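As the structure is a prediction and not an experimental result, all values here were calculated from the model. Chain identifiers are assigned alphabetically (A, B, ...) following the order of the sequence lines, protein sequences preceding nucleic acid strands; residue numbering begins at 1 within each chain. Side chains are part of it too, since the values below use all heavy atoms of this structure and drop only hydrogens, waters and symmetry mates.
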Amino acid sequence: MDIKDIKDLVELMVANDLSRIEIQQGETHILLRRGQPIVVSSLAGAPAAAPPANPAPAPSAPVAAPPAPVSASDTYIRSPMVGTFYSAPDPDSPAFIKVGDRVEPDTVVCLIEAMKVFNEIKAEVRGTITRVLASNAQAVEYDQPLFAVAAS
Amino acid sequence: MDIKDIKDLVELMVANDLSRIEIQQGETHILLRRGQPIVVSSLAGAPAAAPPANPAPAPSAPVAAPPAPVSASDTYIRSPMVGTFYSAPDPDSPAFIKVGDRVEPDTVVCLIEAMKVFNEIKAEVRGTITRVLASNAQAVEYDQPLFAVAAS
Amino acid sequence: MFNRILVANRGEIALRIIRACRDLGVQAIAVYSRADRGAEYLNLAHDAICIGGESPGSSYLNAAAILSAAEITDVEAVHPGYGFLAENATFAQMCRDCKIEFIGPSAESMRLLGNKVAAKKLAKKSKTPCTPGSDGPVESEDQAVDLASEIGYPVMIKAAAGGGGRGMRAVHNEASLRSHFRNARAEAENAFKDGTLYVEKLVERPRHVEVQLLGDPSGHVVHLWERDCSLQRRNQKLVEESPSPHISARTRRKICDAAVRLARAAGYYSAGTCEFLVDDQENFFFMEVNTRIQVEHPVTELVTGVDLVQWQIRIAAGEPLKLKQEEIEQRGAAIECRINAESPEEDFRPSPGPIQHLFLPGGPGVRVDTHAYSGYTVSPYYDSMIAKLLVHRPTRDEAIAAMRRALAEFRVSPIKTTIPLHQKLFEHADFLRGCVDTGFVERTFGPATWKPA
Amino acid sequence: MFNRILVANRGEIALRIIRACRDLGVQAIAVYSRADRGAEYLNLAHDAICIGGESPGSSYLNAAAILSAAEITDVEAVHPGYGFLAENATFAQMCRDCKIEFIGPSAESMRLLGNKVAAKKLAKKSKTPCTPGSDGPVESEDQAVDLASEIGYPVMIKAAAGGGGRGMRAVHNEASLRSHFRNARAEAENAFKDGTLYVEKLVERPRHVEVQLLGDPSGHVVHLWERDCSLQRRNQKLVEESPSPHISARTRRKICDAAVRLARAAGYYSAGTCEFLVDDQENFFFMEVNTRIQVEHPVTELVTGVDLVQWQIRIAAGEPLKLKQEEIEQRGAAIECRINAESPEEDFRPSPGPIQHLFLPGGPGVRVDTHAYSGYTVSPYYDSMIAKLLVHRPTRDEAIAAMRRALAEFRVSPIKTTIPLHQKLFEHADFLRGCVDTGFVERTFGPATWKPA
C-alpha cells in the first residue's frame, strides 16, 4: 500500500460516489470516507444473511442462515470486514457494550478477528444500542448488521 | 373424414371451450360452432398481419406487412382459411359487397381460393360494412380481418 | 439446395428446423395456429403465416391449410417435423402431387413401414430378428389363444396400425387374453379406424434400443449408432442416451447392421429410426420403424457430430448422402431429458400457463433445445414438452454429473415441470448402474412415491 | 480431491468454476461484493459470503477479505478465476502460507513469467523465437534510440510489468520514439508501480495466436492446440477461434512445441497460455505467458473435449495429469464471441443497468456461458462482459453459419451490447477468408462506421 493506491481508491470513491472504503490488509488498515458517516437502514437494502456460530462449519452445515430480524426505524452498526466477531476484549471480560448503552462514533463496540488480527470496531454513529445481532465467536460477513442502534 | 373425426372435433371443442372449428380438406368442408357466432374485436387480440398483394412473393419480399388499421368499436369478418382473396365472383363482375352495404349472416362477402377450390365466404354477422381490409387477389392468413362491420 | 421451405410444425421442433435452415442459408417459412401467435421462434423464420385455430385439426393437422400456405408463400419443400402429419403418407403424396417436396422418405416406404404386420414381414425377409408371434392379423379370440399357448405366455396384443400404446395389452394367461382381446380391438377401431390385431411373445423387462438411420434415394444407407430410451412412463420416453449402457460392442454392431439391412430392404431414404426390444441376454427383437426425425435426435447429433435435420433437407434437395459408415464415430456419452410442463406430484397432470421466470442451464457440455422463454405461455392445446436438456461428456458418469448440474440450474416458474422426476432418476442406483427396463419408471416412481413429504 | 473450495471471483467465470465443482462433486463457496448480492449464480454455490463493497479494492481485490472468508468457511483451496488476483504471486503465496492451496501454478513461475524481460530470457533459453529487441530494460531514451536504429523501425515500447496495452507505444521514427518514451514510463509507473521499459521490433499486421497448456508438478506438460485471437479492439479480444485459420499444420506443430518447451523450462504447472505474434510469412514471436485460466478457454474445451477448469482443480488437488499429448485431438472448428454491455454506436461506451428481456440462443453446436438472465442488473463496477457465445461445428464455414444464427437469436434489452459489431464481423469478407490482423477491427469498424444510418 503506497500513496498511489490511496489515490486510486479516492478516485474510485469519487467516480462511484462511495461514502466509505475500509481496508484491512495484514498490518495495513485504511479507512476512507466521503460526506456524512454511512448509516444504512434496512430500507436501504436487506441485511446480509447471518453466519452460524461455528466459524469453521462442517461441510454439511452451510454458512448462510435466516437473516437477523430488523425494523425499519433502526439503524445498524455493520461489520466492515469478513471475520470472527468477539463481543469482549477477552473471555474473562464483560462485553464492550450491551443493550441500552449509549454509543458515540468512536465507542469501540466489538472486535473482529481477520487473518489473526483483532480489529477494534467503532460505532461510527451516535445513539443507544437496541439489539445485539451477532453472538460471540460468530463468523460474520462484510456489511452484516452487528448492532441495532436508535440514533439520536 | 368420417363421423368419428367429427366426434373427436366436437369433444375437442367442448374440452377446450372452442366456439368454432372450420376445416377445409380437399373436397371436404366442415364447420362446427358452439354458442353464439364468433365475433372477435381487436380488443380480443391483435389482428393478423396482412400479407402483400403478391401471392408468390420474391424471396426478398417477406409475406408479412404492417397490420391493417382497426378500431375497437368495429367487429370483423375474418378469413376462415389460408388462401387467396377474391372480392368478386369473376374479373368482370362487381365486388360482392362494398362499404356501406348491409350484410346478413348468410351474405356471401368474398371468395377465398385454397388448393384450387373457390370457397364462398359468408358474413356470419349482421351489420354494415365500414371498411374493406383485403384487396383482390391478395394472399390472406387464417383469422385475418377481411371486412370491418358495424354490428346491428 | 432449396431457396425456401415451409416448416409444418410448432414449438421446439419448428425452431430446430428453422435453425437448420439458417445454417444452410435456406429461407424458413413458419406456420402457426392462433394459439401460437406471437411466439418468439416465429421471429427467427424468414416469415410466418397463421393457418388455423387452436385445435390441431384446424391448423397443424390441416393438410389443406398447410398446402395453401405453401402455395401462397411459394416454397419448394415442406418439413413436417415429428407428430402431426409427419408420418402421414397421404400428406406426403399430396405435397409431391403439388410439386412441393415432402422432406422425408417416399410415401411407399412410409405406408410399408407404417403397417406393423407388413413391416414385420419385411424384417424377417431381411433377417432382422422379430418377436415370435402371429406373422399376420389374428382374426379371432380362439386363434389368438391357440397361438399364445404355442409361443407361450406372457404375450402381447397389439394393433396393426397402432402407436403410443393404444390397442396394446400384455396378458399372462388365457383368461386375461380372452377378456382383453375384444376391448383391444375396440380401442384400435377408435384410435386408428383399423381393428386389425396381432399377437406376439412379450419380452419381459425389455430395454428400448433404437438405431438412427440416414439414407438417400440411391440406396446408400448408414446407421448413426443407437439410442437407449428405456426410461419411459406409459410408453412416453423421458430420458434417452447414447451409447446404450445395456449392450456389448458386439450386440451394438449386430443391432445396427440389422437396422441398415431392413432400411435397404424397404428402399428407405431420409432420416429414420429402427426400434428394438432387448432382453437381459442381449437378444434383440424388431419393434417398428419411425419414418420421421425423432424428438431425441440431438442425442445422436452430439455423439456423432452429424446434423440430422440438415441432412434430411439436403437429401430431399437431391444431395447425395456423403457420409461413409466407417467415418461415423460414436464419441463420448450424450443424454437427453425431456422437460415437460407436467406435475409429477399430481400424476403428471399437464401444467400449462404463463412462464414468469425461466433460467436455462448452460456451460460446458450442455445443449438446450427450447422454444420457451420468460414470458412464454405454455398452450393447453398441444403436447406438454417445453424443453430438451442435453449433455455430452467423455464418459457416461461425467454426463450424469453434468446433467445433475444442469437440472439444478434449470429454473421454471410458476408452472410445474418434470424436473423433480429427472432429479430423482439421476440419483437412482439402478439408472446410474445402467440397468433399467421400460417398466422401471412406473414401478419406481408411481403416484405413491410423490406423496407430499 | 478437495471437499470444498472458495471461488475468489465473480460473474461468468465464478459460475464456470462453480459448474466445474458440481461436476467434480466439490462444494463451491462463492464470495461476492455488495454490488453482486442476490445474483442467481450465487445460488448454485454450496454457500456464498459477502466480502466487501462495490469497489474491487474492497472485495475481489481484497486479499485479506478473501482469505478471511476462506478461513471461516474452512475451504481447502481457492480458485482465482481470471483478472483480480489471478496472476498475483503474492496472493498465491499468502494462500499457501495459510495452508490453503492456490489453484494455479507456483508463485515462483508466476513471478518469473509475469516479468516480460525474465520471460523473454527464458524463451530464448528454451529456443522459443522472440521479437528482436532489448533483451533487458532500456535505461535511457538515448539507449532506446540506438537500439531502434539497430533493429530498425517501427519498434514497440513496452512496460516490463505491463499488460492490457498500458505503457505500450508503437513508434515509427526517432522523433516519435523520443516523444513517447517518457510518457510510456510514466504510464507504467502509475499502472504497475514499475517504470521499467523495453524496446522491441514491431511485428506489422500481426496475428495473435496463443497455445493452451496444461501441466502438473511432476513436469508433465501438454498443449491443447492453439487459439487465434486476432480480432481485437484496443488490445481487448472480441472473437477467438480454434484452429487458427492463419497457420499451416507445420507452423501449428512448431508453435505448440515451442510453447511446451517454454512451460517445461519454467517448471510450469496448472493451466496456462503462451501468446505469440505471427506475421504473414508465418514467422512467430513469443509475446507472453498468461499464468491463469483465460476468458476464451471454452474454445479449446470445444475442439479438444477436455475440461480445463476441472483439470486445474484436479492438478491442484495432487492428481497426476493423465492426458497424453497424442490423445489430444483438435476436432472441428470452435468460435467464441464476447458479448459485452457496450454501445458500439457510442464508441463502445459501457451500457450497464437492468436487463429486462434476455433470450439466449441454443440448439445444435451452441454453448453459452453467462451469469446474466432476465431481471439481472449489469453492474457498473466491473468489466462489461455479460456472456460468452460459442459454437462448435465440423468446419469453420459451418461454425460461422451457426454463429450468425446464434447472434440473430440472442436478444438483450434494454441495455446495449456488442452483438451488432459481431454481426458485422461475421459478414466481413476478410474475416470469412480468415485473413485479419490485430488492427483489423479498429481499421474497419472505427467510430465512423457507426454513424446512424
Side-chain angles (χ1 to χ4, degrees), chain C residues 12 15-16 18-25 40-41 43-44 297-298 301-302 305-310 329 331-332 356-376 387-394 397-406 408-409 411, chain D residues 12 15-16 18-25 40-41 43-44 297-298 301-302 305-310 329 331-332 356-376 387-394 397-406 408-409 411:
Chain C
E12 76 83 19
L15 175 54
R16 173 68 186 91
I18 291 166
R19 283 168 169 159
C21 288
R22 284 183 164 264
D23 290 354
L24 290 168
E40 264 296 316
Y41 69 88
N43 300 326
L44 299 171
H297 75 274
E301 293 185 323
L302 288 174
V306 174
D307 191 309
L308 293 169
V309 178
Q310 280 190 31
E329 291 181 75
R331 188 180 317 285
Q356 270 153 35
H357 300 292
L358 178 67
F359 304 137
L360 295 176
V366 172
R367 169 177 169 178
V368 183
D369 279 40
T370 182
H371 58 294
Y373 48 87
S374 294
Y376 175 77
K388 302 190 300 198
L389 173 57
L390 294 109
V391 294
H392 183 215
R393 305 257 79 187
D397 286 350
E398 288 168 286
I400 287 168
M403 183 61 85
R404 285 197 192 120
R405 179 239 301 170
E409 291 182 23
R411 312 277 177 88
Chain D
E12 74 85 18
L15 175 54
R16 174 68 186 90
I18 291 166
R19 282 169 170 160
C21 288
R22 285 182 163 265
D23 290 354
L24 290 167
E40 263 297 316
Y41 69 87
N43 299 327
L44 298 172
H297 74 275
E301 292 186 323
L302 288 173
V306 174
D307 190 310
L308 294 169
V309 178
Q310 280 191 32
E329 290 181 75
R331 188 180 316 287
Q356 270 153 34
H357 300 292
L358 178 67
F359 304 137
L360 295 176
V366 172
R367 169 176 169 179
V368 183
D369 279 42
T370 182
H371 58 295
Y373 46 87
S374 295
Y376 175 76
K388 302 191 299 197
L389 172 58
L390 295 109
V391 295
H392 183 215
R393 305 257 79 187
D397 287 348
E398 288 169 285
I400 287 169
M403 184 59 86
R404 285 199 193 118
R405 178 240 302 169
E409 291 183 22
R411 312 278 178 87

Quick one: what part of [X] sits under 4.5 Å from any heavy atom of chain D, side chain, backbone, both or neither?
| X | result |
| --- | --- |
| Glu12(C) | neither |
| Asp23(C) | both |
| Arg16(C) | side chain |

Select, from [options], the one with the greatest count of heavy-atom pairs under 4.5 Å involving chain D.
| options | answer |
| --- | --- |
| Gln310(C), Glu398(C), Arg331(C) | Arg331(C) |
| Asp307(C), Leu390(C), Val366(C) | Asp307(C) |
| Ala401(C), Gly362(C), Pro364(C), Gly332(C) | Pro364(C) |

Pairs where residues 356-366 of chain D contributes a residue and the test salt bridge (Lys or Arg N to Asp or Glu O under 4.0 Å) is met, not counting sequence neighbours: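 Of all non-adjacent pairs touching residues 356-366 of chain D, none passes salt bridge (Lys or Arg N to Asp or Glu O under 4.0 Å).
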
Heavy-atom contact with chain C under 4.5 Å, split by part of Pro394(D):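 Pro394(D) touches chain C through side-chain heavy atoms alone.
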
Within-4.5 Å side-chain heavy-atom neighbours: Arg411(C) and Asn43(D):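 Yes, their side chains come closer than 4.5 Å.
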
Glu409(C)/Arg22(D) salt bridge by N-O under 4.0 Å criterion: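 No, this pair does not count.
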
Reported CZ-to-CG distance for the pair Phe359(D) and Leu360(C), which is rounded to 0.5 angstrom: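 Phe359(D) CZ to Leu360(C) CG: 11.0 Å, rounded to 0.5 Å.
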
Distance (rounded to the nearest 0.5 Å) between Leu44(D) CG and Arg405(C) CZ: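 It is 10.0 Å, given to the nearest 0.5 Å.
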
Counterpart residues, side chain to side chain donor-acceptor pair (under 3.5 Å), relative to Asp369(C) (two or more places apart):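 Applying side chain to side chain donor-acceptor pair (under 3.5 Å) to Asp369(C) gives Arg367(C).
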
